[in-house]
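Only one structure is covered here, and it is reproduced in the block below.
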Amino acid sequence: MSGNWSLSQTYRSSFGRVKFDACGEGPPLVVVHGTPWSSYNWRNIIPVLAQHRTVYFYDLLGYGQSEKAEAASLDIQNQLLAELLDHWGLQTPDIVGHDFGGTTVLRTHLISNRDFRKLAVIDPVAIAPWGSPFFRLVAANEAVFQKIPGNIHEAMVTAYIRTAMYQQPDATVMANTVAPWLGEIGQQAFYRQIAQSHQRFTDEIEPHYGDIKLPVLILWGAEDNWIPIERGQQLHAKIPHSEFHAVEKAGHLVLEEAPATIAQKLVDFFIDVKA
């Protein structure tokens, strides 16, 4: 599954076309990526989970192989996920989300009122304040960034993604992660999704973290300089029945830096040995 990454199925949602796939056998487990990533960045973890579960994975609207829709903000992503759960016929699956994927999972539970058996989040955008100086700069000048020459845009996106990792990134991983954001459509989508990233979408759910009743696992890259680990500890304190684990020598893109550790933590959390 680590070769050419291609999602084979298409769902025509109320918001745009979404590419997805599934593999494995057993009870359902849904995997959700964040920004500016795609399901590709889960490729080393999904096969491990698929040894125990039927794993459903997709590219968020506006990302990866899914349609680069004009509107793909966080308040749309939770509605999309709710639609996908219905499309897949899933009632109370296990679910895990990274970064904005974690936000989407939390919003789907708290705003869309979808229940899960267990929920895991990895370096999620969940506690205010958030939004880097780069995010704020793009939000205030999106039209300018849309006009940047393609080669300069590629260099900027590459440099930006590199800051998400504590360890030196592999060239192939970098190229495949950057690729969806290249070309005229990709460039427009990249800056558009940043400009649509409003803190109000987490402000809406943050007061309700204490209402979460299901078991929650929180994983965090110890060297995350996008969202400091202190935010993860604050989230842990707000959510009852949650457990927190730091992943050493890993930054925000912990899926790429420590896939074996992440996979094992998720297996330990989700998989009931007695089942």
Side-chain angles (χ1 to χ4, degrees), residues 2-21 32-43 57-81 83-84 97-101 103-104 125 130-165 169-199 201 226 252-253 255-256:
S2 60
N4 293 329
W5 187 256
S6 180
L7 302 178
S8 66
Q9 302 186 60
T10 301
Y11 171 65
R12 296 184 180 276
S13 76
S14 301
F15 311 98
R17 296 184 306 278
V18 175
K19 298 294 289 186
F20 74 92
D21 228 319
V32 189
H33 72 82
T35 182
W37 327 115
S38 71
S39 58
Y40 166 81
N41 299 106
W42 281 96
R43 74 198 176 286
F57 48 99
Y58 69 104
D59 284 347
L60 293 172
L61 189 70
Y63 296 75
Q65 299 166 42
S66 291
E67 182 178 344
K68 301 298 192 295
E70 289 288 332
S73 54
L74 280 168
D75 61 329
I76 287 176
Q77 301 296 351
N78 62 276
Q79 296 178 69
L80 169 63
L81 178 53
E83 280 194 22
L84 281 169
H98 170 246
D99 182 83
F100 270 10
T103 321
T104 296
V125 180
W130 58 269
S132 68
F134 180 64
F135 260 57
R136 292 192 291 273
L137 184 64
V138 170
N141 303 277
E142 182 189 357
V144 175
F145 281 89
Q146 297 288 13
K147 297 177 182 178
I148 291 173
N151 60 331
I152 297 176
H153 163 72
E154 181 175 359
M156 289 176 57
V157 175
T158 301
Y160 173 63
I161 288 175
R162 189 170 283 120
T163 65
M165 303 178 74
D170 175 87
T172 300
V173 170
M174 283 297 301
N176 288 335
T177 302
V178 171
W181 304 117
L182 302 183
E184 182 179 356
I185 293 176
Q187 180 168 340
Q188 290 176 355
F190 180 77
Y191 296 114
R192 186 166 57 236
Q193 57 90 17
I194 291 178
Q196 292 180 8
S197 300
H198 297 294
Q199 186 178 295
F201 298 131
W226 278 21
H252 186 72
L253 192 49
L255 305 180
E256 293 286 0

Distance-only side-chain donor-acceptor flag, D75 / S73, under 3.5 Å: yes
Minimum heavy-atom separation for S197 to F100, with atom names? OG-CE2, 3.4 Å
L60 to S66 - nearest heavy-atom pair and separation: O-CB, 3.4 Å
Presence of salt bridge, K68 and E184, under 4.0 angstrom: no
Mind listing the closest non-hydrogen atom pair of T177 and P180 along with its distance? O-CD, 3.3 Å
When the ring centroid of W226 is compared with that of W37, is the distance short of 6.0 Å? yes
Side-chain donor-acceptor pair under 3.5 Å between Y58 and H33, yes or no? no
Measuring from R162:CZ to M174:CE, what's the distance to the nearest 0.5 Å? 4.5 Å
Students often mix this up, so state it plainly: with edges at 30° and 60°, are the rings of F190 and H153 parallel, tilted or perpendicular? perpendicular
Can S14 and Q79 be counted as having a side-chain donor-acceptor contact under 3.5 angstrom? no
Could you verify whether a donor N or O on one side chain and an acceptor N or O on the other, from Q65 and S38, lie under 3.5 Å apart? no
All N/O donor-acceptor pairs, side-chain side in residues 135-145, below 3.5 Å, sequence neighbours left out:
from	atom 1	to	atom 2	distance (Å)
R136	NH1	G131	O	2.6
N141	ND2	L137	O	2.9
E142	OE2	Q146	NE2	3.2

Contact summary for Y63 and Q77, nearest pair of heavy atoms: CE1-NE2, 4.0 Å
Report the relative orientation of the aromatic rings in W5 and F57; use parallel for angles under 30°, tilted for 30 to 60°, perpendicular for over 60°. tilted
Do you know which two heavy atoms are closest between L61 and R17, and how far apart they sit? CD1-O, 3.9 Å
Could you pull out the closest heavy-atom pair between L74 and N78, with the gap in Å? O-OD1, 3.0 Å
Residues D21 and S8: side-chain donor-acceptor under 3.5 angstrom: yes
Please check if atom CD1 in I148 has more than 12 non-hydrogen atoms from other residues, nucleotides or ligands closer than 6.0 Å. yes
Walk me through it: do F134 and Y160 pass the test ring pair (Phe, Tyr, Trp, His ring centres under 6.0 Å)? CA-CA 9 Å; F134 180 64; Y160 173 63; 5.0 Å; yes
